[in-house]
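Atoms within a ligand are numbered from 1 in the order they appear, just like the ligands themselves.
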Amino acid sequence: MENQKQHLKRKAVFLDRDGVLNVERGDYTWRTQDFEVCAGVPQALALLKEMGYLLLVVTNQAGITKGLYTKADVLACHQKLQDACGQLLDDLYMAPGHPSVSESLSRKPNSLMLERAISKYNLDPAACWLVGDQPRDLQAAAKCGISGVLVGLHPVGTHVHQEKDLLAAAQWIAGQTK
Ligand SMILES: [Mg+2]
């Protein structure tokens with residue numbers, strides 16, 4: 001029975017949002033007119049979907065707790081992203097908290113968003129990936145035993161696999177054996 005449950009476990013690619021799916025502006029992005037989908041993202045998501053991965057967005061949104069915008073604004077941006085990508089994203093997790101207001105177990109580098117998804121979707125962490133553009137994204141993944149790929153030009157140590165963007169990361173993931 002346990003073997004059967006293990007067999008039924010699914011795999012996912014967790015996706016940070018700003019700097020991975022949409023252009024990082026160096027400020028909070030909450031107006032849909034400021035939300036610009038990165039080049040290659042629709043193709044990247046299609047490739048990952050073809051490989052059988054669930055596609056789950058995990059995004060820190062401290063601007064909600066700071067009162068800069070609302071959850072509805074985040075969902076409006078998410079809908080714009082879905083419309084640009086053929087509705088390929090399976091779920092969206094957001095962490096609204098900020099340490100200046102209250103500590104949050106969801107906010108990356110903490111891992112509660114990922115743990116909730118692992119439970120909800122019966123994921124095998126060893127078969128999952130996370131693509132992020134900041135070390136805190138990969139730290140959250142590591143806490144759950146999920147391999148990370150860093151995208152963008154953020155300088156990091158050699159122990160992290162890095163690609164220039166999500167499409168390159170997806171193509172690299174496609175070449176891995178797990
Ligand atoms: Mg980011």
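Cation-pi check for Lys80 over Phe35 is not met; the charged atom does not lie both under 6.0 angstrom from the ring centroid and within 45 degrees of its normal.
Residues Lys11 and Asp124 are not paired through a salt bridge, judged by the lack of any N-O separation under 4.0 Å between the basic side chain and the carboxylate.
The side-chain heavy atoms of Val13 and Val131, taken from C-beta on, include a pair separated by under 4.5 Å.
Minimum-distance N/O/S atom of Asp133 relative to the Mg ion (ligand 1): OD1.
Here Asp18 meets the criterion, with an N, O or S atom under 2.8 Å of the Mg ion (ligand 1). The Mg ion (ligand 1) has an N, O or S atom of Asp16 closer than 2.8 Å.
Using the six-membered ring where Trp is involved, Trp129 and Trp172 have ring planes that are perpendicular, over 60° apart on the 30 and 60° scheme.
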